[in-house]
Amino acid sequence: MNTAAANLTTYQRIKRRTFEIMEGEVPDKYSHFVEIFIALLVVANVVGIILESVPEIHEAFMYEFHAFDVFSVAVFSVEFILRVWSYSEKYLHSGGTAWQGRKEYVFSFYGIIDFVSTVPFYLQLLFPGADLRVLRMFRLMRIFKLSRYNSAFEDMVAAVKAERDSFSSAVFLLFISCLLFSSLIYIIEGHEQPDVFPSIPAAMHWFVITIIAGWGNVDPVTFVGTVLVILTQILSIALAAILTGVVATAYTAQVERRQALYEMEVRSVLSDGVVTEEEQAQLKIMQAKLGMSDEQVEAIKHQMQEEKHISEANKQSK
């Protein structure tokens, strides 16, 4: 135990340990248990919400659904409180303040999801006679809690951010196309089908449906209108291909960047030729945070071993 840890009070050690378990800072059996338990509870909640929407099942197991919801809200509420309480430790040892860490969590994506997933239950207690069916559907947002334990969602968001210029260009092209094609279909088909295309906004609605579904639920009655519909469908395929290509390329780059970060860390650890237990633990934590599989880690280690053998062979040949 280092000097800083030895100087901590019992309260501070408990809070630090809570933070390590809740955030997986130390990949031990306790953090793994919390991760698996929360993940299974989230999956069970989503399945329960889906089954509860079936009237026959809801009437047959009404009390069971309510009891399970109370249990889930209690667990998620305790989880939220523990995270807010322990997040003060995130920057405390690097010169930051307790409020800095707590503010980061509360206003983060996961903090908002944790809060919103429990609010409907408490609103029902405060306003028992109100119709809160829409708010109750916010319980489905609990599924996003699973993304905390999987980096795929974060990689996708990071990929979109990295290619925001390409996305903005595609969205601008979509806007221009919507304005142009909607105006043309209104001019061409508006007189023939005034009930379908009474205005340009109505034609824009047709364009959006055509882009999303491939067919706007409207059959043109003129030859030019038919050609325009075909061009719109071709445009929808082209835009889908562009956006898919941008996302796929950005996501691949994000995964490669993640592997490069881990490889840099491994090279830094091996630079002195000695790997301590603390460095091994740090690599394990980084592997968990980056969401890398054991196979990926082994491939990196194998590559580095081959590089080392080649380097030694070159030295011997000289």
Side-chain angles (χ1 to χ4, degrees), residues 1-46 69-123 138-139 141-155 157-158 258 261-262 265 277-292:
M1 182 180 296
N2 54 36
T3 306
N7 293 332
L8 294 177
T9 64
T10 302
Y11 173 79
Q12 291 172 327
R13 284 198 296 269
I14 292 175
K15 185 161 63 171
R16 181 66 190 177
R17 182 60 179 146
T18 302
F19 175 74
E20 292 173 349
I21 293 175
M22 301 302 294
E23 290 301 309
E25 290 289 320
V26 178
D28 55 16
K29 61 180 180 180
Y30 300 106
S31 61
H32 287 160
F33 172 78
V34 170
E35 176 181 335
I36 294 173
F37 177 72
I38 295 296
L40 290 178
L41 185 60
V42 169
V43 173
N45 267 262
V46 174
D69 190 34
V70 171
F71 170 75
S72 301
V73 169
V75 172
F76 292 143
S77 299
V78 171
E79 178 199 8
F80 181 75
I81 293 171
L82 287 177
R83 290 187 186 277
V84 173
W85 173 63
S86 63
Y87 235 84
S88 62
E89 294 292 309
K90 183 168 186 178
Y91 299 108
L92 205 58
H93 299 283
S94 59
T97 62
W99 170 243
Q100 182 181 358
R102 287 170 177 161
K103 182 177 67 173
E104 176 183 315
Y105 166 69
V106 170
F107 294 101
S108 67
F109 171 78
Y110 296 117
I112 294 173
I113 290 297
D114 291 342
F115 178 75
V116 171
S117 62
T118 57
V119 164
F121 178 84
Y122 295 110
L123 288 179
F138 273 98
R139 292 184 299 169
M141 296 187 70
R142 294 171 185 173
I143 191 65
F144 288 106
K145 293 168 70 70
L146 293 177
S147 59
R148 175 184 278 117
Y149 309 114
N150 191 305
S151 63
F153 182 78
E154 293 181 355
D155 288 340
V157 173
R258 184 176 60 191
L261 286 174
Y262 185 81
E265 186 69 20
E277 292 184 1
E278 185 177 351
E279 289 174 334
Q280 288 179 345
Q282 188 65 31
L283 288 176
K284 200 70 176 176
I285 292 171
M286 190 173 186
Q287 177 186 349
K289 283 189 172 297
L290 294 177
M292 298 185 63

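Everything quoted here is computed from the prediction, not taken from an experiment. We count residues from 1, following the sequence as given.
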(message) Counting C-beta onward and ignoring hydrogens, is there a side-chain heavy-atom pair between Phe115 and Val106 closer than 4.5 Å?
(response) no

(request) Taking the six-membered ring for Trp and the full ring for Phe, Tyr or His, determine whether the centres of Phe19 and Tyr87 are under 6.0 Å apart. (result) yes

(message) Working to the nearest 0.5 angstrom, can you tell me the gap between Ser88 OG and Tyr105 OH?
(response) 13.0 Å

(message) I need the Ile21 CD1 to Phe33 CZ distance, nearest 0.5 Å.
(response) 11.0 Å

(request) Among residues two or more places apart or on two chains, list those pairs meeting salt bridge (charged side-chain N to carboxylate O under 4.0 Å, His left out) that have a residue in residues 101-120. (result) Lys90-Glu104, Asp114-Lys145, Asp114-Arg148

(message) Does Glu23 form a side chain to side chain contact (heavy atoms under 4.5 Å, CB included) with Arg83? I'd like the steps, not just the answer.
(response) CA-CA 8 Å; Glu23 290 301 309; Arg83 290 187 186 277; 2.6 Å; yes

(message) Under the rule for side-chain contact (heavy atoms from CB on, under 4.5 Å), what residues qualify as partners of Thr18, not counting sequence neighbours?
(response) Ile14, Met22, Leu82, Trp85, Ser86

(request) State whether the number of non-hydrogen atoms from other residues, nucleotides or ligands found under 6.0 Å of Phe80 atom CZ is greater than 12. (result) yes

(request) With rounding to the nearest 0.5 Å, note down the distance linking CZ in Phe121 to OG in Ser77. (result) 8.0 Å

(request) Would you please name every residue forming a side-chain hydrogen bond (donor to acceptor under 3.5 Å, both in side chains) with Tyr30, sequence neighbours left out? (result) none

(message) Let me confirm one number: the CD-CG distance from Glu79 to Leu41, rounded to the nearest 0.5 Å.
(response) 9.0 Å

(message) I need the Leu40 CG to Ile38 CD1 distance, nearest 0.5 Å.
(response) 9.5 Å

